[in-house]
Each structure stands twice: as structure tokens, then as C-alpha cells.
Amino acid sequence: MTPEHGALLERMRTSVAVVRRAVAAVPEERLRAAPAPGEWSALETLVHLAHVVVHVYGLRIRRLLYEDAPVFADFDEPRYREETLVRGDSADELVAIVAGEQEQLARLLRLLPDDQWARAGRHPTLGVMSIEFLARRVGEHAEEHAAQITAAGRG
């Protein structure tokens, strides 16, 4: 495995700790409070993160492992987010989903030959996406939203 691929897998794992710390720092009474009108609360951001890592990055990476040049569908993020908020998943449950999926993705990619990281599919509007691109986004996305969770928790 190249050092770059190893670093992507390590970032998948370490970004979970960043998310955990961000969520733990938000007082319980601030979890559902939007910092400003039209902005997501810390909990809404966490719901989004959990769904994207499973239904976007996880699903697309798995398809790329087994399919040649798949076409990726759009993800109805607002609907998934709203239905999850209505269902009432806790922050701990959502963090566990993120952690479990990111660890599973790292395990799946751990033994992937370097030349296979370029396997790619296409999204109709976003274009070509390779395993390497998606793997990079897993850690980046988690860290980006951990920062948003922290900011939302401050109010």
C-alpha cells in the first residue's frame, strides 16, 4: 500500500475521534438548537454525516469494489435527515454509525491493491468518482462536519 493510501485509511479512523470530541463538547440542551435561522443544529449535522458516510461514500466505494464503471444515483439527503430526526436517533447512536462505517470502509480498503484505487464510477451531475477520491472525502467530510458541530454547539 502506498503511503498516501495508508494515510487516507488512517484519516478515516482518526476523523471519528474528532467527531466524537465535537459531539461530546456540545451541551445536551444545545444539540437540537440551530445556531441561526436556516442553519443546521449539531444533531442535524451529525445525522447528515452518518447518512452520507453510509449511503454515499460507503455504498459507492462498495459498488466500485465489485462493479465496473457504475453510475451513481443522487442521494435525497433532506428526506433522510428529516426522517431520522423524526425517528429520534441519539447523538451516541449516530456517532456509532459513523464510527462503524468508517472502520468497515478502512478494513475493506486495507488490502486493496494500489492500482485498484483508481476504479471509478460516474455521477450524472458530479462527474467521475474514484475509490481514492471517495476514500479521501470520508475523512475530510467527517472533519468538516465536526467543526460545524462544534460551532453549532456554541450557538
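Residues L112 and L65 are in side-chain contact: their nearest non-hydrogen atoms beyond the backbone lie under 4.5 Å apart. Residues L134 and V138 have side chains not in contact (no heavy-atom distance under 4.5 Å, counting atoms from C-beta outward). For the pair H5 and D114, the minimum side-chain heavy-atom distance is below 4.5 Å. T150 is not listed as a side-chain neighbour of R21, based on a closest heavy-atom distance of 4.5 Å or more. Annotation: side chain of L43 is in contact with side chain of L94 (closest heavy-atom distance under 4.5 Å). Counting heavy atoms from C-beta on, the side chains of R137 and M129 never come closer than 4.5 Å. Residues E44 and R81 form a side-chain contact, since some pair of their non-hydrogen atoms from C-beta on lies under 4.5 Å apart.
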Test side-chain contact (heavy atoms from CB on, under 4.5 Å) applied to L8 and E132, step by step = CA-CA 8 Å; L8 292 177; E132 185 170 356; 4.0 Å; yes
request  = Go through D89 and V47 one step at a time and tell me if the side-chain contact (heavy atoms from CB on, under 4.5 Å) criterion holds.
outcome  = CA-CA 9 Å; D89 293 2; V47 166; 5.9 Å; no
request  = Please assess R62 against E101 for the test salt bridge (charged side-chain N to carboxylate O under 4.0 Å, His left out), listing each intermediate value before the final yes or no.
outcome  = CA-CA 12 Å; R62 283 175 179 85; E101 182 66 4; 2.6 Å; yes
message = For a salt bridge (charged side-chain N to carboxylate O under 4.0 Å, His left out) check, start with the C-alpha distance between R87 and E93, then their side-chain angles and the critical distance, and finish with the verdict.
response = CA-CA 12 Å; R87 190 174 59 232; E93 291 169 324; over 6 Å; no
query = R107 and E103: salt bridge (charged side-chain N to carboxylate O under 4.0 Å, His left out), yes or no, with the steps?
reply = CA-CA 6 Å; R107 278 195 302 269; E103 182 60 36; 3.7 Å; yes
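Closest of all the heavy-atom pairs between Q102 and A142 is OE1-CB, 3.7 Å. The minimum heavy-atom distance between V18 and A146, with the atom names listed, is CG1-CB, 3.6 Å. Taking both residues in full, the closest heavy atoms of G153 and P27 are given as O-CD, 4.1 Å, listed atom of the first, atom of the second, then distance. The heavy-atom pair separating A91 from L31 by the smallest distance is CB-CD1, 4.1 Å. A120 and P70 get closest at one heavy-atom pair: O-CD, 4.0 Å. Of all the heavy atoms in V98 and A50, the pair that sits closest is CG2-CA, 3.6 Å.
Looking at residues two or more places apart in sequence or on another chain, you find no salt bridge (Lys or Arg N to Asp or Glu O under 4.0 Å) involving D115.
Distance CD1/I131 to CZ/R60: 13.5 Å, rounded to 0.5 Å. Taking CG of D92 as the reference point, atom CZ of R20 lies at 9.5 Å (rounded to 0.5 Å). The structure places OG1 of T125 at 12.5 Å from CZ of F72, a figure rounded to the nearest 0.5 Å. Within the model, atoms CH2 of W117 and CZ of F133 stand 14.0 Å from one another, a figure rounded to the nearest 0.5 Å. Annotation: the span from I97 atom CD1 to L46 atom CG amounts to 8.5 Å, rounded to 0.5 Å. Of the inter-residue distances, the one linking I61 atom CD1 with Q104 atom CD reads 11.0 Å to the nearest 0.5 angstrom.
Proximity of a side-chain donor or acceptor of R119 to a complementary backbone N or O of L64 within less than 3.5 Å is detected. The main-chain N or O of P113 is never found under 3.5 Å from a side-chain atom of Q116 such that the two would form a donor-acceptor pair. Counting only distance, with no hydrogens or angles, the side chain of R63 and the backbone of V71 share a donor-acceptor pair below 3.5 Å. Judged by distance alone, the side chain of R30 and the main-chain N or O of A42 form no donor-acceptor pair under 3.5 Å.
For CD of E29, the number of neighbouring non-hydrogen atoms (other residues, nucleotides, ligands) closer than 6.0 Å is greater than 12.
Classification of the H145-H48 ring pair by plane angle, with boundaries at 30° and 60°, yields perpendicular.
Clustering ILVMFWY residues whenever any of their side-chain heavy atoms sit less than 4.5 angstrom apart, transitively, puts M12 in a cluster other than the one holding L111. Transitive grouping of hydrophobic side chains (ILVMFWY, heavy atoms separated by less than 4.5 Å) brings Y66 and Y57 into a common cluster. Side-chain heavy atoms closer than 4.5 Å link hydrophobic residues (I, L, V, M, F, W, Y) into clusters, and following such links, possibly through other members, connects V23 to V54. Hydrophobic clustering of Ile, Leu, Val, Met, Phe, Trp and Tyr side chains at less than 4.5 Å, counting indirect connections, keeps L108 apart from L59.
Note on E143 versus R11: salt bridge recorded, some NZ/NE/NH1/NH2 to OD/OE distance being below 4.0 Å.
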